[in-house]
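Keep in mind that this is a model prediction, so the values were computed, not measured. Residue numbers count from 1 along this sequence.
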Amino acid sequence: MMRMLVENLREAILFYADNFYLVDFVLIVFVFFFFVCVLFLCVFLRHRPIIALFIVAFDIAASFFIYIYGYKFVDHQVRKRTVAIENQRFIQSSGALVIDFNITNVSKHHFKQCKITAKLYQNPSEEDNFLEAKKKNFIPFRKKSKILKDVPINTTQIQRISFENFDKDNNHTTRLASECF
């Protein structure tokens, strides 16, 4: 379990390090600079430890939110794209769920690589308690990724992701996430 988690983390770090634009690195440097500057302010407040502790907590939370919303802003402005599910079907003979989707590059840049992730979430039932319902809404029970190469400007590609050994119960929601560089 731990080895799989470390391997997934390693894969994600290598993917981002290989594909980040300069503006992404500038965002990371800005967040680090902001964090260090506010932390440096706490050094001057060492005689008031309660206030310094609150400032450190604020610094951690603010740095986290600046990075998350900054990344979303950069991604939306620099790497615009649309991803839409066109069709979902269950194939009886093989027991596979097939998801057809298209991705359109509407940015001003040629994408060298796009990672599309299809996530299947189980729909909560009426018998589920509050925590179980939230878990089903936020944690996918199946996930599969596909990496596309070369998506030129103003083009649409139709692609397919299939999940093998899928139980047809139609009690799921499909969501697509994309990251293009």
Side-chain angles (χ1 to χ4, degrees), residues 1-21 23-24 28 64 67-181:
M1 176 75 173
M2 185 65 154
R3 184 177 182 154
M4 187 174 72
L5 184 64
V6 170
E7 186 66 31
N8 287 343
L9 182 63
R10 180 182 171 270
E11 178 184 322
I13 289 172
L14 288 176
F15 177 77
Y16 289 121
D18 288 343
N19 295 307
F20 266 178
Y21 291 173
V23 69
D24 295 307
I28 291 170
F64 178 76
Y67 178 74
I68 295 296
Y69 289 110
Y71 180 78
K72 286 182 180 183
F73 178 76
V74 167
D75 194 50
H76 181 71
Q77 293 298 320
V78 176
R79 299 179 286 262
K80 277 188 182 179
R81 65 209 171 265
T82 58
V83 179
I85 297 174
E86 293 297 317
N87 190 14
Q88 290 186 65
R89 61 185 179 278
F90 180 75
I91 299 176
Q92 296 263 179
S93 61
S94 65
L97 174 68
V98 177
I99 301 168
D100 295 322
F101 64 92
N102 62 23
I103 179 167
T104 305
N105 181 355
V106 293
S107 74
K108 298 177 184 174
H109 304 285
H110 173 83
F111 293 148
K112 294 182 285 184
Q113 186 173 358
C114 285
K115 182 178 181 180
I116 312 298
T117 304
K119 298 177 183 178
L120 301 177
Y121 296 88
Q122 190 174 4
N123 292 334
S125 63
E126 294 179 9
E127 298 89 35
D128 292 337
N129 62 22
F130 178 76
L131 290 176
E132 188 70 27
K134 291 301 177 188
K135 176 185 165 193
K136 288 181 178 180
N137 282 332
F138 292 112
I139 300 174
F141 68 93
R142 297 278 298 264
K143 181 168 71 168
K144 193 167 187 181
S145 296
K146 183 172 190 170
I147 295 182
L148 308 175
K149 303 283 184 186
D150 296 323
V151 181
I153 300 169
N154 294 324
T155 59
T156 300
Q157 289 187 6
I158 299 171
Q159 297 291 325
R160 175 176 289 164
I161 292 179
S162 65
F163 292 92
E164 291 77 23
N165 301 325
F166 189 78
D167 295 330
K168 182 183 179 188
D169 61 356
N170 288 332
N171 190 20
H172 69 278
T173 302
T174 305
R175 296 182 198 152
L176 292 178
S178 65
E179 296 173 313
C180 294
F181 297 97

State, to 0.1 Å, how close S107 and I153 come at their nearest heavy-atom pair, and which atoms those are.
O-CG2, 3.4 Å
Under the side-chain contact (heavy atoms from CB on, under 4.5 Å) criterion, do T174 and Q88 qualify, and how do the steps go?
CA-CA 9 Å; T174 305; Q88 290 186 65; 2.9 Å; yes
Is there a donor-acceptor contact under 3.5 Å linking the side chains of N123 and T173?
yes
I would like to know whether Y16 and D24 meet side-chain contact (heavy atoms from CB on, under 4.5 Å); could you show each step before the answer?
CA-CA 10 Å; Y16 289 121; D24 295 307; over 6 Å; no
Is the side chain of N105 donor-acceptor paired with the backbone N or O of P152 at a distance under 3.5 Å, no angle test?
yes
Side chain to side chain donor-acceptor pair (under 3.5 Å) partners of residues 131-142, not counting sequence neighbours, each pair once
D128-K136
Pairwise side-chain contact, I28 with F20, heavy-atom cut-off 4.5 Å (strictly under)
yes
Over all atoms of both residues, closest heavy-atom pair of L176 and A84
CD1-C, 4.4 Å
Check K144 against S162 and note the closest heavy-atom contact, atom names and distance.
NZ-O, 2.7 Å
Using a 6.0 Å distance limit plus a 45 degree cone around the ring axis, check whether R79 lies over the aromatic ring of F111.
no
Are the side chain of K146 and the backbone N or O of R160 linked by a donor-acceptor pair below 3.5 Å?
yes
H109 versus V78: any side-chain heavy-atom pair under 4.5 Å?
yes
Is the F90 ring parallel, tilted or perpendicular to the F166 ring (thresholds 30°, 60°)?
tilted
So H110 and D150, side-chain contact (heavy atoms from CB on, under 4.5 Å) or not? Walk me through it.
CA-CA 7 Å; H110 173 83; D150 296 323; 3.4 Å; yes
Walk me through it: do L120 and I99 pass the test side-chain contact (heavy atoms from CB on, under 4.5 Å)?
CA-CA 11 Å; L120 301 177; I99 301 168; 4.2 Å; yes
Counting only heavy atoms from other residues, nucleotides and ligands, does the tally under 6.0 Å from CZ of F64 exceed 12?
no
Are D100 and R89 packed together at the side-chain level, in the sense that at least one heavy-atom pair is separated by less than 4.5 angstrom?
yes
Heavy atoms from other residues, nucleotides or ligands near CD1 of I158 exceed 12 (cutoff 6.0 Å):
no
Main-chain N/O of Y71 paired with D75 side-chain donor or acceptor, under 3.5 Å:
no
Sub-4.5 Å side-chain heavy-atom contact between Q157 and L148:
yes
Does a side-chain heavy-atom distance below 4.5 Å link K149 with K112?
no
Can you list every disulfide bond (SG atoms under 2.5 Å apart) pair that touches residues 82-136, not counting sequence neighbours?
C114-C180
